[in-house]
Protein chains: 2
Amino acid sequence: MELKEAKDKFIHTWGTLATQWGINRTMAQIHSLLLLSPKSMNADEIMADLQISRGNVNMNLRDLMDWGLIYKQLLPGERKEYFIAEKDIWKVAKQIAKERRRREIGPLIDAMADLKEGIKPDTAEKEEFLKIVNDISTVTVFADTTLTSLLKADENWLISNFIKVFNR
Amino acid sequence: MELKEAKDKFIHTWGTLATQWGINRTMAQIHSLLLLSPKSMNADEIMADLQISRGNVNMNLRDLMDWGLIYKQLLPGERKEYFIAEKDIWKVAKQIAKERRRREIGPLIDAMADLKEGIKPDTAEKEEFLKIVNDISTVTVFADTTLTSLLKADENWLISNFIKVFNR
DNA sequence: TTGAATTTTCAAAATATTTTGAAAAAAATA
DNA sequence: TATTTTTTTCAAAATATTTTGAAAATTCAA
């Protein structure tokens with residue numbers, strides 16, 4: 001397998017897998033392209049490389065910046081904007097986890113809180129309903145708290161700690 | 001807010017959020033309907049309640065069983081199949097985590113392993129490429145290991161352990 | 001067995017999401 | 001300021017996913 005082939009495979013795999021977990025294909029492809037690129041790239045280069053439209057590139061570069069996975073780089077003497085990916089994979093993983101926590105767990109916590117407030121347990125049925133809402137609330141808040149504290153921890157502590165957990 | 005209204009809100013919220021994380025809306029709605037239902041339900045009841053087609057109900061009940069979130073219940077004297085949701089929210093959370101680990105992390109580990117095998121580091125460029133693949137491999141395997149060990153742990157230990165982590 | 005009840009399948013339709021590309025806006029230069 | 005380059009926007013088109021519903025398969029009782 002040659003390098004070009006391997007890179008293409010990497011980009012393709014990343015793109016395909018991403019769709020399975022709610023990230024769109026193009027965003028994942030641009031991300032992997034930049035991850036593998038030794039130098040920063042501009043919109044035209046990305047368009048040419050992945051054969052996609054300017055609007056699509058622009059949109060997804062924006063999303064990737066929102067996710068904190070790439071940075072804009074202004075090169076002196078260059079009009080165009082260049083983009084470079086965060087190469088520290090631990091940071092990448094943290095960013096992804098952080099963003100997914102915000103998107104997936106946050107709204108659930110809010111929704112459960114609303115329901116808890118809105119219903120008073122004055123019948124057996126309502127009590128039963130509130131039991132489930134409360135259970136979900138507990139688990140969700142727990143997951144959120146756990147993830148948050150993990151994300152605050154630094155890499156080395158994280159690894160050593162979980163080697164312990166794993167060896168239990 | 002009355003009970004019916006709250007239940008509808010719950011089902012609707014669950015369904016909407018689910019789409020944000022790769023689970024389809026109907027599957028999430030059927031799941032929450034069964035989660036809130038004190039008794040098991042058959043396909044016709046679910047169809048009537050959510051106003052969806054038989055095929056759709058059948059398909060998603062099957063998926064929910066694959067996820068381990070609902071069980072088939074054969075009632076004596078009844079021809080129809082009845083379905084009941086796992087009500088223990090800790091088990092539900094574990095099942096979801098387990099399934100997502102299998103779908104999201106597994107294929108990534110495999111893909112990285114393939115790339116590592118296929119490329120030999122005989123040039124600087126290839127070495128650089130392999131560095132990234134290896135980094136991703138490490139983080140991914142770490143996440144997988146961590147999740148697996150967490151899933152093996154029991155609820156009480158899990159909570160007490162993470163209270164410690166959190167208080168650090 | 002047969003036939004009625006129930007479940008499953010799957011092509012076509014409906015819906016949702018992503019992508020395009022050209023026009024508008026913004027930024028940089030002269 | 002006027003002009004050119006670059007970025008952004010967004011309605012329409014393309015693509016992908018979900019849903020329907022009727023036919024086929026299966027299951028069960030007699």
Side-chain angles (χ1 to χ4, degrees), chain A residues 11-34 40-67 69-84 103-104, chain B residues 11-34 40-67 69-84 103-104:
Chain A
I11 291 170
H12 180 260
T13 304
W14 200 257
T16 306
L17 288 180
T19 57
Q20 306 215 329
W21 17 291
I23 290 160
N24 94 3
R25 203 170 54 95
T26 307
M27 177 171 152
Q29 286 184 339
I30 295 177
H31 182 224
S32 47
L33 178 63
L34 289 174
S40 57
M41 299 178 79
N42 64 39
D44 290 290
E45 290 167 343
I46 296 168
M47 284 169 67
D49 205 308
L50 299 177
Q51 297 286 339
I52 54 182
S53 73
R54 184 176 302 284
N56 200 2
V57 168
N58 184 271
M59 211 162 191
N60 283 293
L61 284 173
R62 206 138 314 288
D63 286 349
L64 282 166
M65 283 194 288
D66 287 347
W67 277 72
L69 297 175
I70 66 171
Y71 311 112
K72 193 184 278 187
Q73 215 178 36
L74 295 171
L75 296 186
E78 279 278 8
R79 283 285 284 275
K80 289 180 182 166
E81 296 177 331
Y82 282 73
F83 297 89
I84 191 158
R103 292 171 185 233
E104 301 184 8
Chain B
I11 291 170
H12 180 259
T13 303
W14 200 255
T16 305
L17 289 180
T19 58
Q20 306 216 329
W21 16 291
I23 290 161
N24 96 4
R25 202 169 55 95
T26 307
M27 179 170 149
Q29 286 184 340
I30 295 177
H31 182 224
S32 46
L33 178 63
L34 289 174
S40 57
M41 297 176 78
N42 64 39
D44 289 290
E45 289 166 342
I46 296 169
M47 284 170 66
D49 205 307
L50 299 177
Q51 297 286 340
I52 55 182
S53 74
R54 182 176 303 284
N56 200 2
V57 168
N58 184 271
M59 213 163 188
N60 284 294
L61 283 173
R62 207 138 312 289
D63 286 349
L64 282 166
M65 283 194 288
D66 288 347
W67 277 73
L69 297 176
I70 65 171
Y71 311 112
K72 193 184 280 189
Q73 215 178 37
L74 296 171
L75 297 185
E78 278 277 8
R79 279 288 283 278
K80 290 180 182 168
E81 296 177 331
Y82 282 73
F83 299 89
I84 192 158
R103 291 172 185 231
E104 301 184 10

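Because the structure is a prediction, the values reported are computed rather than measured.
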Nearest whole Å is fine: how far is dA26(C) P from L74(A) CG?
18 Å
To the nearest angstrom, how far is I46(A) atom CD1 from dT8(D) atom P?
12 Å
First locate atom CZ of F83(A), then atom CD of Q73(A), and finally report the distance between them rounded to the nearest 0.5 Å.
10.5 Å
Could you give the CE-to-C1' distance, from M47(A) to dA22(C), as a whole number of Å?
12 Å
Whether each nucleotide of nucleotides 2-17 of chain C has a protein heavy atom under 4.0 Å at its base (B), only at its sugar-phosphate (S) or at neither (-) is summarised, 5' to 3', as --BBSBBB--------
Is any side-chain nitrogen or oxygen of T26(B) closer than 4.0 Å to OP1 or OP2 of dT18(D)?
no
Given side chain to side chain contact (heavy atoms under 4.5 Å, CB included), test I11(B) with L50(B) step by step and report yes or no.
CA-CA 10 Å; I11(B) 291 170; L50(B) 299 177; 4.3 Å; yes
Side chain to side chain contact (heavy atoms under 4.5 Å, CB included) evaluation trace for H12(B) with T16(B)
CA-CA 6 Å; H12(B) 180 259; T16(B) 305; 3.6 Å; yes
Between M27(A) (CE) and dT19(C) (P), how many Å, whole number?
12 Å
Does the side chain to side chain contact (heavy atoms under 4.5 Å, CB included) test come out yes or no for T26(A) and D63(A), once each step is laid out?
CA-CA 11 Å; T26(A) 307; D63(A) 286 349; over 6 Å; no
Quick one: does any side-chain atom of N60(A) pair with a main-chain N or O of N56(A) as donor and acceptor, under 3.5 Å?
yes
Please determine whether the number of non-hydrogen atoms from other residues, nucleotides or ligands lying under 6.0 Å from atom CE of M27(A) exceeds 12.
yes
